Amino acid sequence: MTAISTTSPLAGGDRRKPAAARKWWTPDTPAAYLLLLPVLALFAFAVVYPLLQTIWLSFWDIRGLYPPKFVGIGNFVLLMNDPTFRNSLLTTLLWTCCTTLFSVGAGWAIALLCALAPKETLVPRVLIFAAFGVSEAVTGYIWLGIYRADAGGLLNAVLHGIGLGQFAHPWLGDTHTAIWGLIIAYSWAQTGLPLILIFAAAQAVPKNVLEAAYIDGADSRAIMRSIVAPLSLPGVRVALFINLLGSLRAFDTIYVLTGGGPVRSTETIGYFMYRESFTQFKLGYGAAATLVLLAAVLVISIPAIIQRTREAT
Amino acid sequence: MIGKAPRWVPIVVWAVSIIWIVPLIGIVVTSIRPPADTVLGWWNLNHIELTLHAWQTVWSKYPLANGFLVTAELAGLGTIGSMLLTPAAAYAFHFLRFPFRRTLLIIIVNAFVLPQQVVVIPLFTLWRQMGLIDNILSALIPYVGLSFAWSIFLVKNFLEDFPKEMIEAARIDGCGPVSTFFHVVLPNSLSSIFAVGILQFLFCWNSLLIPLLFLRTNVPLPVVFAQIAGTYDANWDMQSVAAIVTTIVPLVIFLVFQRQFAGGALTNSGSKE
Amino acid sequence: MLNRSISRTLGRRALLVSASAAVLFAAALPSYAADVSGDLVLLNWAAGSEEDMVKALEEGFMKAYPNVHFKEINLTTQGDQRGAIRAALQSGEKADIFINTWPAFRKELVDAGMLKDLTPLWNSSAIKDNLSDGWKNLGSLDGKVYGVTYTFGDRSAMFYRTETMKKAGIDTQPATWDAMVADFGKLKAANVTPLAIGAKVWSHTEWFESIYEHLNGIDMAAKLAAHQIPWTDPSVKNALKKYAELIKAGCCGSADSMLAMDWDNASDAVLKAGTHGWQMIGMWVNDRAQTTDGLKQGVDYSITQFPAMGAGHDDVTSVDTKEFSEFASAANAPAADAFLTWITTADAANIVAQHGLASPSSKVDSSLYGPVIKYSSEAVNKAKPQFVLGDLLPGDLVDEYRVQLQKFLQDPSDATIDAVTQALEAKAATEYQ
C-alpha cells in the first residue's frame, strides 16, 4: 500500500500549517470552480434567483392583481398564528414520516429479496418500478378509482366480494382514513425508487467478499443478513434522503385524490403553499410558508451534511 | 448472488409485484372501455364492452404524437445535461478542497426542498423578460438546475465508497485534479451516472408544472394529459391512453439501462483489501 | 382541427389598420363589417366541449367580419383558472378579450385598471336591444358595465332521473319545501338516497345559497357577499338551520359519503347509477349527461326548480354566467367591440343554443333549446337572479366558506353553526379591501 502524503489536500488539508494561511485559496480551487462553473450557473438561474425572489415576496402582502403592500415580517407573524398552517405542519410531519418509512422500508425488503435471486426477479422489479414511473397525477387518478366510495371502487368492490362488505367505507371522505389512503397511494408509487437504489447497492457488494463467506459455510440467508444488508446501507441512505425530501414536495397526488380535504385533513405545507400562492394568488403568504418549510428542513439537514462532509475527509 | 436462493423468494417477489401493478392494470383496461361504462368506477363490471375508440381518436383530437416527440427531446436533453455536469460537481465537492465547499453543498442539496411551484413563478417573469417563453431552454434550465439538488447528493454518496488509493495513485503519477477526474473517477462511476440519468429522464418525462407555464406551441405529454381532462368532461378513456403512452417510455428506458447501474462498477476497482 | 395557433405579437399591418379604423369610427358608431379587421386575440381557458363552442363562436364572427382573424392564447389550467389567467396577465400577455365567470375577478381586474368600461358601447350599439337590463346589471360593477353575458346557467335547479322518480312513485316534482322533504320518505322507501350532495370541493354550497336566497331575498345575499352584513347574522344561522333540517331528515347518507363525492360523482349517482334522487348543480351537467352518459334530455332525465319556501322570496334564483370582457389595453378595440356586439345577436345566440347552453339574448331562437335548457332559461328569466356566492366572494374567503360548510355537514348542530359562522366572520374581516 502506498503511503498517504500528509501534505496532500486529500488528507484533509495540512494540519501543520497555521489556520490563517489555508483560508481562501487552496491548490484545488481553480480546478474545483472550473468543474463547478456550469452547475453553479444553472443552479443560480433555476434555484438561487427564484429563492431570492421568494424571500423578497415574503415581505409583501399580495392579493391577486391588487397593488402589493409591504408588510415586513407580517406574513410570518400571521403564519404562526394561522391554525390552518399549524395544522398543515402536523399533517406534513405525519405524511413525510409515514410515506418515507413505508416506501423505503418496502423497497429495502423487496430489494434484499431480489438480491438473493437477481435474474429471476428482473420482471417484478420492472413492474414495481413502473408504479414509480407513472406521474404523480396519474397515480392520483388511479387511486381515486380504487378508493371510490361506491361499489365501483376497487377496495370496496373487493371487500364486498370477499364478504367483508360491512367494512366498505367512503375512504376519502372520512377525515380519519383520507390521510392514510393518501399515504398508501403515494408510498405505492414511491417504493420503486428505493427498490432499485438499494438493489443496486446490494449488487455492488464485492464478489470476493461473498465468495469468502460462502466458502466459510454461510448459507444465502446468513449472507443476506450479515453482509449484504449492512453493505446496502449507502443505498438506503440515498433512498431515505430522496424520498424524504421528495415527499415534502408531493403535490399532484394530494391534489387529485383529496384536494387537501376533507376539511383540510390532508393539507400538507406543500398544498397549503399551492393554495395560497396559486389559487388565491397571495404570493407573499405562500412564499413565507415555503421559507418556513425550508428553514425547518435546513435545521435538520445542515448538521447532517456538516457531519457527513467532515467524515469524508 | 452466490449460492442458491430459497425457492420461495422469487415466488414471493412475483406475488408482491403482481399485486403491486393491479392499479396499473386498471388504467389499461379503462383505456379500452367506453367512458360511459367507467364513469361509475373503473372496477365497475356491470357492463363490459371493449373498444379501441379512445386509442384511435386520441391521436387526432389531441397533439399526443407531437407531445411524444417534444417530451423525448426535453427529457433527452435534460438527462444528458445532468449526466454530464453532475459527476464533475460531485467529484469536486467530495475530493477537492476549496473555499465555500461546505456552504455551497448545503445550499445545493437543500434546494431540493423547494417545491416546484415556488421556483416557477419568479422564473416565469424572468423568462418573459428575456423572451424565453415557449423556448425549450426555459424548461431545460430549471430541469437541469433543479436536478443538482438530488443528483449531486446521489453521486457524491457513491463517491464516498470510491477507493482513495486510486486517486492518490493518479496524483502521484502527476495528474492534476481535473485529469484525475476524467481519467480515474469518471470511468469508474458509470453506475451512479446512469442512475442519475435514468432518474432524471423519469423526472423530466413526467414533469408537468414547468412546461405547463413555460411552453405553449409544442407541449410535452403531461401537459397534453392535462388538456385532455376537459373542464367538465370525463374523458377517462382518453386520459388512460395518454397515461399509458406517457408511462411506457421511461419503463423501456429503465429496462434497457437497468443493468448499467445495477452492475456495480466498484467491483472492478481492482483494489484488494 | 388542431389549429391551436397562438400568436402574441400583432403584425404592424394589423396595428396600422386598427389604428386608422379607430380614428374613423371615433364617434362610437357601430363598425361596418368591412372596416373591422386585423387580429383579435382571445385569452382562452375553456377546455373540452366549452372550447368547441368558443371555436364555433369565433368562426361565426369571422364569417360576419371576414377581415378579422381570431387568435387565441390558450392557457392549460389546473383547478381554478384564475391563477393561470393572473399569471399570464401579470407577465405581460397581450390579449383583447377574455371570458370571465367570476364577478369577484371582474372587481379585481377593474380595481387594477385592466378592464374597459363597456357602458358607452352598450348604450350605443345593438347590445341594448338584445340584452335586457337584468343582464346589464349582472355584468356591471358600481354602475358601469364590464362584461357582456353570452351564456348563463340556473343554479337553483335540481337534476333527477325520470326512472328513479317513477320507481319512488313521485309523479310531480315537489313545488314546496315541505313537499320535497315529504318526498324523501318515498325515495328512501325505494332504496334511493334523496339528495346527492358532492361536498368534496364546492358543490355543497349550492344548497346553502338557494336556501339563503329563498329565505332572505337577493338583496340580503348581495349584502352578505359584500360583507355589509356579518356572517354571524341570524339570517345566515337560520339558513344553516334549514339546511340542517335536510340532513336530519336523512337526505344524504353519512357525512363521510358526502365528503367523498365531488360534483361529478354526485351527477353520476343521480343520472347514471340511480342511487340518489336529486342533485342541485349547474347546467353543464346537461351536456355531460348527454355526451358522457348518453342520456336523452327530457326523456331520461330532467330538472325541477328549487321548491318554494314560503318566506316571501320565492321569485329568486341563483345563477352563474359567462361573459366576454375587453381589456383596457386591447390592441384591436374596434374588432373587440364588434365582437362584443355580435355576441348578442341571433347568430351568436343560436350557436350557444345549439351547443346545449342558454343564451341571454332576446334574439335567440328558443326552439333550439332542449327541454332542460328551455325550462331553466324560463325559470331564470322569470326570477330575480343572484350570482353564485362562491364566485362573488374574495380570495381566501371562498376556500374558508367551502371548508366551514364541510365542517357543518359533519355535524349540523347548533353549536357547530355558531362555530362555523364565527370562523367565517373572522376570515371575512381580513379579506375585504
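No experiment lies behind these values; they were computed from the predicted model shown. Just so we're on the same page: letters track the sequence lines, and every chain starts at 1.
For the set A:A46, A:A250, A:G270, A:P38, the count of heavy-atom pairs under 4.5 angstrom toward chain B peaks at A:A46. Of the listed residues (B:I27, B:L123, B:L126), the one with the most heavy-atom contacts under 4.5 Å to chain A is B:L126. Your options are B:I106, B:L140, B:T86, and the one with the most heavy-atom pairs under 4.5 Å with chain A is B:I106. Considering only heavy-atom pairs separated by less than 4.5 Å from chain A, the leading option among B:I152, B:L104, B:T246 is B:L104.
Crowding of A:Y33 atom OH: a count of heavy atoms from other residues, nucleotides or ligands under 6.0 Å exceeding 12.
For B:P23, the parts lying near chain A are the backbone and the side chain together; criterion is any non-hydrogen pair under 4.5 Å. No part of B:Y143 comes within reach of chain A, as not one of its non-hydrogen atoms sits under 4.5 angstrom from that chain. Interface remark: B:L199 contributes side-chain atoms only to the contact with chain A (heavy atom separation under 4.5 Å). Contacts of B:A242 with chain A are absent, with no heavy-atom separation under 4.5 Å from either backbone or side chain. At a 4.5 Å heavy-atom cutoff, the contact between A:W143 and chain B is made by side-chain atoms alone. Both the backbone and the side chain of A:I146 come within less than 4.5 Å of a heavy atom of chain B. In this structure, the portion of B:V22 lying under 4.5 Å from any heavy atom of chain A is its side chain and not its backbone. In this structure, chain B has a heavy atom under 4.5 Å from the side chain of A:L283, while its backbone stays farther away. Residue A:F132 touches chain B through both its backbone and its side chain, counting heavy-atom pairs closer than 4.5 Å. In this structure, the portions of B:I107 lying under 4.5 Å from any heavy atom of chain A include both its backbone and its side chain. With a threshold of 4.5 angstrom between heavy atoms, B:I141 approaches chain A through its backbone and through its side chain. Neither the backbone nor the side chain of A:L57 comes within contact range of chain B, judged by heavy atoms closer than 4.5 Å. Only the side chain of A:L122 comes within less than 4.5 Å of a heavy atom in chain B; its backbone stays farther off. Both the backbone and the side chain of A:T29 come within contact range of chain B, judged by heavy atoms closer than 4.5 Å. Both the backbone and the side chain of B:I108 come within contact range of chain A, judged by heavy atoms closer than 4.5 Å.
Here the CG atom belonging to A:L37 is positioned 10.0 Å from the CG atom belonging to B:L85, to the nearest 0.5 angstrom.
Here the closest non-hydrogen pair linking A:A117 and B:V9 is CB-CG1, 4.5 Å.
With ring centers used as reference points, A:F43 lies 6.0 Å or more from B:F148.
No donor-acceptor pair under 3.5 Å is formed between the side chain of B:N206 and the backbone N or O of A:E136.
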